[in-house]
Amino acid sequence: MRASTLLATTALFLAVPAHALPTDDIDMAAGPQTGTEIIVTGKIEGYRTEQTSSATKTKTPLVDVPQAITVLTREQIDDQAIRSVADLVRFVPGVSAGQGEGNRDQITLRGNNSTADFFVDGLRDDIQYFRGFYNVDRVEVLKGPNATIFGRGGGGGVVNRVSKGPIIGSTRATAEATGDTFGSWAVTGDVNVDLGGAALRLNGFYEALDNHRDFYNGARYALNPVIGTELAGGIKLQLGYEHVSDVRVTDRGVPSLAGRPLTGFRDTFFGAPGINRSPFEANVVRARAEAPLTDQLTVNAQLLYGDYNKSYANAFPATPISVNPTTGARTLGVEAYNDFTQRENFIAQGNAEWRGSTGGIDHVVLFGGEYTRQQSGNERLNGFFNPAAPLTAANRRVTGVALSDPFVVPSFAFIAGRDGDSNRQTRSALTQGSVYLQDQISFGDHVDVIAGLRYDRTDLVVNNLFTGERLQRSDDLWSPRFGLVLKPAANASLYGSYTRSYLPQSGDQFLSLTATLAALVPERFDNYEIGVKWDVTPALQTTLALYQLDRTNTRATGPTPGTIVLTGAQRSKGVEFGVTGNLTKRWQTSLGYAYTEAEITGTTVNAPQGRQVAQVPRHQFSLWNRYQLLDRLGVGVGLYHQADQFATISNAVTLPAYTRLDLALFVKLTDKIDAQVNVENVTNTTYFPVAHNDVNISTGAPTNARFTLRARF
């Protein structure tokens, strides 16, 4: 059935003239100009981005968007040799990475943890895996809830990757080879071919994975061909296909001891070699069409069909290290399980955009709708260290092991079926239908207002294949947005905004549901924000945002034992500051600072009032500079500081503060070949950047170097 759906989707879009570029910054040639008029379209090179479509679904200058947004361009990603979401968000104020159990991307935005608030070209990309940047033009991180544009979820914000599109009228290629001192290496290719009225762009990469951890290895690759064209009348069509494969060791780091990460075991693998593996495979078709119906009215539509298969097996520390007071022997508990997920996503989105004036007031009106169908199958097999014992005995799932290096996990077996303690096997279907309306209003040159409202209808059905139980939950959600922008000058703005999002109680992956959760209304996120944006020069932007984000309708234990009520609450508030772009013609910079307070304000199931939210450092500071010493020689310096933070909401284990220094050297060997070396953690600082819980804590890498050779053809 998946294969037929994939073929049908592909055939549908091959039946129409192929589609064109969705990216904001690419202008497709419409043919030769007549007369003496010459029109030149371009974009600012470097770290600065001038406009975005993600925040409003319309092309809008960043200075006019009443929301904090951090953009990392292709140039900055390349200069810093960023290869993961965890590395990327280190340079985004107010966002921190999580470990993701060693098998997926996981982030915390303004104090709200998520595995699903990821998008590609504005369409949801919520499956759990490690995302790459081989086919990405830039990454936009939008802070604060904004369900008017993105729909359910996104309580703290979203991460949107803007993909590279085909360029008509140009044939060119880029090749890159890179490797580091741990032994990992990668090759990447980007080819654009002009087809005469159409263009084909092919991006691909292969990467062999390695790092400082014992037994760690893996490989991933991806291929992404995209074809696009522009027809008479400005109609643009685009069709793309992406295949992604990723197989790597599932590594959940080191355990804790006395409220701190275990030290002296930086490279020690606390898993089972040969068993801790996480394979992932995805096949995704994306299509987009855009047509100007009149000079004022434009319509566009996007479709996505994705087929995903993911599993991860792991043995891991399940308890902190305990010390025998008499012998001094150190032991910890170990647990294991295997998890399988198969998912199909179908998303259809359509928008109409009208630009015009009424009574001397300018409008950009957006009206759109979206339909999502997500079907998932999930199964969990728990590991048993004494399979001969009753499988319902939970103590057979955890065994005590002496601390050693190398660490040896006793033999165990994954046992399937309903008798395995806490095993599960479910099938779930999420259907969402949405309509939204937004108006960007300009009262002259100095006052802008943005107002929007979205209605979402979500229906979730979860079938428990062990018990035959079928649970269902439906929600009708209204998400408003309002923003006021005051512009004392064309290059500066003061803004205030209010936004809201919701998340159904089943969690951001919608894989399970209980009778209790099915009866509870969704969690609610309300964001109040004021800020300043100033384009100091066309190539240098500064931003400042102050916000308060309230999360309500979180679960709490009821007054009657065994009951749940929605009295839990959380509040995040803070300041985010950023400077991005060119200080001089030779000097590019990216600076970010965030002060974040996130705490429980209403007692929840997991924590009493006053607890600090997990993995939210009070202070974050990042600075990256690239300076061109000579025409063919440049240097880079990066500094990152993160204050201490709690590993979980228990506030029992602290990840210490740390500061990391990075250096880089850039050499232009010829006009078409560049070389660079990036040295990470120059001072060899010991640090623990991320965690999943109190006993799964990742260790930072020691001093290492990555070498890159990049050629243009």
Discussion item. For Asp307 and Asn309: C-alpha separation, side-chain torsions, deciding distance, then whether side-chain contact (heavy atoms from CB on, under 4.5 Å) applies.
Written reply: CA-CA 7 Å; Asp307 179 24; Asn309 285 278; 4.1 Å; yes
Worksheet item: What do the steps show when you test Tyr640 against Phe621 for ring pair (Phe, Tyr, Trp, His ring centres under 6.0 Å), and what is the final call?
Response: CA-CA 6 Å; Tyr640 178 76; Phe621 175 81; 8.7 Å; no
Item to complete: Mind checking salt bridge (charged side-chain N to carboxylate O under 4.0 Å, His left out) for Arg286 and listing every partner two or more places apart, or none if nothing turns up?
Response: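 Partners of Arg286 by the salt bridge (charged side-chain N to carboxylate O under 4.0 Å, His left out) criterion, ordered by chain and then number, come out as Glu242.
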Fill in: By salt bridge (charged side-chain N to carboxylate O under 4.0 Å, His left out) - contacts of Glu599 (at least two apart)
none
Quick check: closest heavy atoms across [X] and [Y], and the distance to 0.1 Å?
X	Y	result
Gln99	Ser698	NE2-OG, 3.1 Å
Asn696	Pro317	ND2-O, 3.0 Å
Ser376	Leu511	CB-CD2, 3.6 Å
Glu176	Thr708	CG-CG2, 3.7 Å
Ala219	Tyr206	CB-OH, 3.5 Å

So, using ring-ring contact (aromatic ring centres under 6.0 Å, His included) as the criterion, who are the partners of [X] when residues are at least two apart?
X	result
Phe265	none
His243	Tyr221
Phe646	none
Tyr312	Tyr337

Discussion item. Using salt bridge (charged side-chain N to carboxylate O under 4.0 Å, His left out), reason through Glu75 and Arg626 one step at a time and then give a plain yes or no.
Written reply: CA-CA 11 Å; Glu75 291 86 346; Arg626 173 172 173 162; over 6 Å; no
Item to complete: Would you please test Asn113 and Gln615 for side-chain hydrogen bond (donor to acceptor under 3.5 Å, both in side chains) and show each step?
Response: CA-CA 9 Å; Asn113 185 274; Gln615 299 194 56; over 6 Å; no
Worksheet item: Cationic tip of Arg252 within the cone over Phe270's six-membered ring, i.e. under 6.0 Å and within 45° of the normal?
Response: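 Verdict for Phe270: no cation-pi partner in Arg252.
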Item to complete: Would you sort out whether Asn103 and Asn314 count as a side-chain hydrogen bond (donor to acceptor under 3.5 Å, both in side chains), showing the intermediate values?
Response: CA-CA 10 Å; Asn103 69 77; Asn314 56 169; 5.5 Å; no
Discussion item. Set out, in order, the CA-CA distance, both residues' side-chain angles and the distance that settles side-chain hydrogen bond (donor to acceptor under 3.5 Å, both in side chains) for Gln432 and Ser434, then state yes or no.
Written reply: CA-CA 7 Å; Gln432 177 177 321; Ser434 312; 3.2 Å; yes
[X] and [Y]: side-chain donor and acceptor closer than 3.5 Å?
X	Y	result
Ser184	Arg706	yes
Thr115	Asp508	yes
Tyr498	Asn527	no
Asn693	Thr648	no
Gln548	Asp550	yes

Discussion item. Let's go through Asn681 and Tyr687 carefully: what are the C-alpha distance in whole Å and the side-chain angles of both, what is the deciding distance for side-chain contact (heavy atoms from CB on, under 4.5 Å) to 0.1 Å, and is it a yes or a no?
Written reply: CA-CA 10 Å; Asn681 194 10; Tyr687 66 103; 3.7 Å; yes
Is the centre of the [X] ring less than 6.0 Å from the centre of the [Y] ring?
X	Y	answer
Phe577	Tyr593	no
Phe280	Tyr129	yes
Tyr502	Phe525	no
Tyr658	His641	no

Worksheet item: Measuring from Glu207:CD to Arg83:CZ, what's the distance to the nearest 0.5 Å?
Response: 4.5 Å
Worksheet item: Can you list the steps and then say if Asn378 with Asp339 is a side-chain hydrogen bond (donor to acceptor under 3.5 Å, both in side chains)?
Response: CA-CA 7 Å; Asn378 179 253; Asp339 190 275; 3.2 Å; yes
